[in-house]
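Worksheet for the structure shown next.
Quantities reported herein were computed from a predicted structural model and do not represent experimental measurements. Labels below follow one simple rule: chain letters A, B, ... track the order of the sequence lines, proteins then strands, and each chain is numbered from 1.
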2 protein chains.
Amino acid sequence: MRIIVADCEAEYTGRLLARLPRARRVIMVKADESVLIFSEAGAYKPLNWMAAPCRFRETRLDDEDQTVADTDGEDAAAEKSDVDADTDQPDIDMDADVDADTDQPVSILQATALKSSDALVIRLYRVYSDESFDLGREPGLVKDGVEDNLQHLLAEQIGRIGHGARLVRREFPTPVGPVDIMAVDGQGRHVAIEIKRHGGVDGVEQLTRYVHFLNEDSTLRPVRGMFAAQTITPQARTLAASRGFECLILDYDDMKKEGETDLTLF
Amino acid sequence: MRIIVADCEAEYTGRLLARLPRARRVIMVKADESVLIFSEAGAYKPLNWMAAPCRFRETRLDDEDQTVADTDGEDAAAEKSDVDADTDQPDIDMDADVDADTDQPVSILQATALKSSDALVIRLYRVYSDESFDLGREPGLVKDGVEDNLQHLLAEQIGRIGHGARLVRREFPTPVGPVDIMAVDGQGRHVAIEIKRHGGVDGVEQLTRYVHFLNEDSTLRPVRGMFAAQTITPQARTLAASRGFECLILDYDDMKKEGETDLTLF
DNA sequence: GACTTGAGTTGGTTA
DNA sequence: TAACCAAGTCAAGTC
């Protein structure tokens, strides 16, 4: 991971053109040669970037002889220093009085996609910091509490949709994608359940497609639709009602607790 | 913008739990106190983060007296150095032989959301670099959008939907939003066209809503639906067929070429 | 400010 | 590998 702080311009050409006027920004070059450009503004999305797989190339213009540093794929890591910072740039007097609009870039970074003509060109005018670090392998993120969890929990606690209900299967296949949960209610009718964390109209649309197709299957007909979520927007509620679907609010903490209780029974 | 390179653990609690085991990573703290955690892996999305508005708090444990550095909102920028790097950490011998699993963190970073109970806690075990930079104002990204080009091009080359077709208008209004293109085919029937770069089932749903409303207008009825995209997924194809819509694959390069040729005629 | 829609989406799972 | 779907999506535009 190389981290550069510099005054720069950037231009991305690919599916669109995206230009960044000259300003001070942070540039990250990852081990796979992908490049991200950040500013203080915005959320986690960089202003501009080049996704891997790509080729990264640097052309330095501040030496008497132009030098080209070109890291090539697998050798890139080897060329980087280990943990200790490897500061390439000497101190630069950022207060020097230089015409910001007419001076020349000291370095040009180019990242070009391997499988398309996408290109990101960054012109560096002043480099305030340029350090490389070997971060090593990322052990990975462990997540808990996403829709998948809700699905598993409701499948285990299918009684929450009504007394006497039993699970048919999760991810019940249809021609337009799998229904989150298929169950049978106390009266023996099939129930197709669409689960969302936050239920909006699109989720109701999704459920509508599923129920439509399922009701064309004479072995399943009639199929009830149920929209289950931790929160459901008023619009989704209205739409669900107009389609004849029931709504079910899921209490995640409660379900989680019950899930843990179930486990302790064995 | 503060950039920290450190061995760290992190845990996000909020809409979900997301835990990062101890590893070397890059931590960015922006001027608005939002926090991003990166590794070499992945694309531009950080492994974990806290979005603004939030409060950032640091507790240092490596001094004899615990010191708490607490930057509070508007004063945050003032406490940060100007451009020159402000390295808080002395050199650390990263090769020192320390039991990685039992030693204590040297610092704890906490970012808590102001309008929810979301919290991101980062425990730093070794700090390899810790520098702050004032990036100043971001002038902003300039995008030369090229993507509704498909819409413009198909409007100009409306014959692609069938011989004798003519354009009624782009962005034809309906109560549920504008249809990308309204046209009339060789037999005088109206054709509502939904355009996507990559056609999925949601696009077909969109088209369904439009056609449903348009067919309630006796001056337009009957309205054909057409789903046009550079690529269309099999499920979208199935759904479109079941709704009686035609699919049209758009060859962007070909359309672009024809568009340029048209221009040279004048 | 809430909602809708698209994104150079990114990321994960399954057929 | 391709397709589909969810995301702590983000971001822009509209109502």
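At distances below 3.5 Å, not a single donor-acceptor pair connects side-chain atoms of Asp32(A) with backbone N or O atoms of Ala52(A).
For Glu194(A), the listed nucleotide lying nearest its side chain is dA6(D); candidates were dC5(D), dA6(D), dT9(C). Minimum atom distance to the side chain of Pro234(B) is reached by dA3(D), of the listed dC5(D), dA3(D), dT9(D). Comparing dC5(D), dA7(D), dG11(C) against the side chain of Ala43(B) picks out dG11(C) as the nearest. Of the candidate nucleotides dT9(C), dT9(D), dC5(D), dC5(D) has the atom nearest to the side chain of Val201(B). Closest contact between the side chain of Lys45(A) and the listed nucleotides dG6(C), dT10(C), dC10(D) involves dC10(D). Closest to the Lys196(B) side chain, of the nucleotides dC4(D), dT10(C), dG6(C), is dG6(C).
Counting any heavy atom pair closer than 4.0 Å across all strands shown, Glu171(A) reaches no nucleic acid atom. Within the 4.0 angstrom heavy-atom criterion, no nucleotide atom of any strand lies near Gln151(A). Residue Gly42(B) is classed as a sugar-phosphate contact, given heavy-atom separations below 4.0 Å to backbone atoms only. Base engagement by Tyr12(A) is indicated by at least one non-hydrogen atom pair under 4.0 Å involving a base atom. Counting non-hydrogen atoms under 4.0 angstrom, Asn48(B) reaches a base of the nucleic acid. Residue Ala18(B) is classed as having no contact, given no heavy-atom separation below 4.0 Å to the nucleic acid.
The pair Glu40(A)-Arg24(A) fails the salt-bridge criterion, with no side-chain N (NZ, NE, NH1 or NH2) lying under 4.0 Å from an Asp/Glu carboxylate O. Here Arg243(B) pairs with Glu205(B) in a salt bridge; the nearest charged N to carboxylate O distance falls below 4.0 Å.
Computed from coordinates, the Leu239(B) CG to dC4(D) P distance equals 11 Å when rounded to whole Å. The separation between Leu47(A) atom CG and dA12(D) atom C1' is 15 Å, rounded to whole Å. Nucleotide dA2(D) holds its C1' atom 16 Å from the CD1 atom of Ile232(B), rounded to whole Å. Going from atom CG of Leu141(A) over to atom P of dG11(C) covers 11 Å, rounded to whole Å. Rounded to whole Å, the distance from NZ on Lys30(A) to P on dT10(C) is 11 Å. If you measure from atom NZ of Lys143(A) to atom C1' of dG11(C), you get 7 Å, rounded to the nearest angstrom. Atom CG in Asp180(B) sits about 12 Å away from atom P in dT5(C), given to the nearest Å. Residue Asp202(B) contributes atom CG, which lies 15 Å from atom C1' of dA7(D) at whole-angstrom precision.
In terms of heavy-atom proximity, Cys54(A) sits nearest to Ala111(A) at SG-CB, 4.4 Å.
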Side chain to side chain contact (heavy atoms under 4.5 Å, CB included) between Arg2(A) and Phe56(A), intermediate numbers included: CA-CA 12 Å; Arg2(A) 180 175 166 195; Phe56(A) 178 80; 4.0 Å; yes
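Each of Ala41(A) and Thr233(B) lies near DNA chain D, and the nucleotide nearest Thr233(B) is the one positioned closer to the 5' end. Annotation: of the two residues near DNA chain C, Arg209(B) and Asp118(A), the 5′-most nearest-nucleotide partner is Arg209(B).
OP1 and OP2 of dT4(C) both lie 4.0 Å or more from every side-chain N or O belonging to Gln206(B). Within the structure, every side-chain polar atom (N or O) of Arg197(B) is placed at least 4.0 Å from both OP1 and OP2 of dG6(C). Taking only side-chain nitrogens and oxygens, Arg15(B) never comes nearer than 4.0 Å to OP1 or OP2 of dA7(D).
In this structure, CD on Glu194(B) lies 9.0 Å from CZ on Arg209(B), to the nearest 0.5 angstrom.
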